[in-house]
Amino acid sequence: MTNRVVRPKPKPDARRVLICLSYAGGGTAPFRGWADRVPHDVELALVCYPGRERRTREEMPPTWAQLLADVELAVEEAAAGRPYVLFGHSMGGAVAASLATRSAKAASVVLSATRSPTSGLKYTLGPHDTDDEYVEWIREKAQVPDEVLEHPELREMAISMLRGDITALHDLVYDPAVRISAPTQVLYGELDEVDEAAVRGWGEIVTGDLRIDRLPGGHFYVPEVWERLPEHIHALREDG
């Protein structure tokens with residue numbers, strides 16, 4: 001086993017796996033509670049990107065290709081040969097989509113709060129923005145307690161993680177020829193800037209079955225929805 005995969009409640013005999021990919025600057029913590037929300041035959045596996053949590057001593061991938069290569073290894077380890085649903089939130093959705101265009105291994109793909117590359121919606125942060133701009137974004141968008149941002153060392157760590165992910169994300173170049181053949185579900189918050197218009201373009205990229213669902217709240221929905229988000233994943237319900 002490596003440090004790439006976190007299994008909050010290991011189920012080695014589970015026949016399916018829900019593999020989660022986090023948003024920019026995020027780790028595995030926001031997803032760990034979902035272990036109690038998945039069907040009994042599903043194991044929850046969380047991908048830990050380099051540069052955080054148990055991988056703090058590793059360098060963050062500076063390019064999108066390097067990040068994908070690392071995540072691809074993590075997904076293979078997490079699945080362990082079993083069918084899996086690949087879930088990504090925000091930047092994690094972009095990672096999931098990129099992986100799905102390279103491989104048809106995922107039984108299903110879920111893109112949560114992830115803009116379509118054809119939408120024209122621009123990223124609000126850049127690799128060279130100031131620390132203050134990063135803190136403002138974290139306060140507005142991310143699930144980071146204020147106590148973290150008020151602690152100098154933790155604040156610096158949060159900024160560093162987010163800046164590293166944003167650097168890799170800005171290296172992503174959309175190829176209009178790529179397609180996703182796996183059945184795909186798109187989730188978006190009714191109050192998020194990643195709204196219906198921003199996700200509708202996935203219909204041009206997904207050649208398999210496509211389902212689009214609107215949920216209450218903003219970029220992270222509302223707390224009670226986030227807490228139970230696996231219950232909104234259609235691929236888990238229909239086979240559960």
Side-chain angles (χ1 to χ4, degrees), residues 16-24 26 28 30-47 75 78 83-101 104-124 140-143 169 174 178-240:
R16 300 179 293 162
V17 187
L18 173 62
I19 302 176
C20 297
L21 309 174
S22 187
Y23 47 90
T28 64
F31 305 92
R32 296 191 184 207
W34 292 2
D36 295 321
R37 300 294 182 181
V38 296
H40 71 278
D41 67 333
V42 174
E43 180 180 50
L44 179 68
L46 313 175
V47 172
V75 168
Y84 63 90
V85 175
L86 189 60
F87 172 96
H89 185 80
S90 197
M91 184 192 82
V95 176
S98 293
L99 291 179
T101 62
K105 292 182 180 179
S108 183
V109 177
V110 183
L111 309 177
S112 173
T114 306
R115 68 178 183 87
S116 161
T118 64
S119 71
L121 184 65
K122 303 298 182 183
Y123 297 115
T124 54
E140 180 183 352
K141 300 281 188 181
Q143 294 183 322
L169 185 58
Y174 169 61
V178 300
R179 296 291 182 268
I180 298 174
S181 60
T184 300
Q185 181 180 13
V186 176
L187 304 173
Y188 72 95
E190 60 187 357
L191 301 178
D192 190 12
E193 63 179 4
V194 183
D195 56 11
E196 182 178 356
V199 303
R200 194 181 300 122
W202 287 114
E204 303 171 29
I205 298 167
V206 177
T207 59
D209 292 338
L210 176 64
R211 176 190 177 106
I212 298 178
D213 292 301
R214 182 178 67 179
L215 298 175
H219 198 60
F220 290 94
Y221 313 116
V222 294
E224 55 268 30
V225 168
W226 181 266
E227 180 183 351
R228 307 174 71 95
L229 203 59
E231 297 174 14
H232 292 274
I233 296 178
H234 184 67
L236 298 183
R237 294 203 314 265
E238 66 183 4
D239 292 333

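If you read the sequence from its start, that first residue is 1, and numbering goes on from there.
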J.: Kindly give the heavy-atom pair with the smallest separation between Ala45 and Val17, and that separation in Å.
T.: CB-CG1, 3.8 Å
J.: Is there a donor-acceptor pair closer than 3.5 Å between any side-chain N or O of Gln185 and the backbone N or O of His232?
T.: yes
J.: Take atom CG in Asp209; do more than 12 heavy atoms of anything else shown fall under 6.0 Å from it?
T.: no
J.: Once you round to the nearest 0.5 Å, how far does CE of Met91 lie from OG of Ser22?
T.: 7.0 Å
J.: Would you say that Trp34 contacts Ile233 through its side chain, given a criterion of any heavy-atom pair below 4.5 Å between the two side chains?
T.: no
J.: Check for a donor-acceptor pair, side chain of Trp202 on one end and backbone N or O of Thr114 on the other, with a separation under 3.5 Å.
T.: yes
J.: For His219 versus Ser90, what's the shortest heavy-atom pair and its separation?
T.: NE2-OG, 2.9 Å
J.: Looking at every non-hydrogen atom in both residues, tell me the closest pair between Val95 and Leu21 and how far apart they are.
T.: CG1-CD1, 3.8 Å
J.: Hey, is CZ on Arg214 packed in by over 12 heavy atoms from elsewhere, all under 6.0 Å?
T.: no
J.: Keeping Ser108 on the side-chain end and Val85 on the backbone end, is there a donor-acceptor pair under 3.5 Å?
T.: no
J.: Report the C-alpha distance between Tyr188 and Arg115 in whole Å, list the side-chain angles of each, state the deciding distance to 0.1 Å, and finish with yes or no for side-chain hydrogen bond (donor to acceptor under 3.5 Å, both in side chains).
T.: CA-CA 9 Å; Tyr188 72 95; Arg115 68 178 183 87; over 6 Å; no
J.: Hey, could you give me the OG1/NE2 distance between Thr184 and His234, rounded to the nearest 0.5 Å?
T.: 12.5 Å
J.: Find the distance between CZ (Arg37) and CD (Glu227) and round it off to the nearest 0.5 Å.
T.: 4.5 Å
J.: Locate the shortest heavy-atom distance separating Phe220 from Tyr23; write the atom from each residue and the value.
T.: CE2-CE2, 3.4 Å
J.: Is the closest side-chain heavy-atom distance between Val186 and Val206 below 4.5 Å?
T.: no
J.: Write down the atom of Ala94, the atom of Leu169, and the distance for their closest heavy-atom approach.
T.: CB-CD1, 4.4 Å
J.: Compare all side-chain heavy atoms of His89 with those of Tyr221 and state whether any distance is below 4.5 angstrom.
T.: yes
J.: Could you tell me the separation between the CD1 atom of Ile205 and the CG atom of Leu111, rounded to the nearest 0.5 Å?
T.: 9.0 Å
J.: If I take atom CD1 from residue Ile19 and atom CZ from residue Phe31, how far apart are they, to the nearest 0.5 angstrom?
T.: 13.5 Å
J.: Quick check: closest heavy atoms across Ala113 and Asp192, and the distance to 0.1 Å?
T.: CB-OD2, 4.0 Å
J.: Taking the side chain from Thr207 and the backbone from Ile180, do they hold a donor-acceptor pair closer than 3.5 Å?
T.: yes
J.: Rounded to the nearest 0.5 Å, what separation is found between the SG atom of Cys20 and the CZ atom of Arg32?
T.: 12.0 Å
J.: Is any side-chain heavy atom of Pro230 closer than 4.5 Å to a side-chain heavy atom of Phe87?
T.: no
J.: Quick check: do Leu99 and Lys105 have side-chain heavy atoms less than 4.5 Å from each other?
T.: no
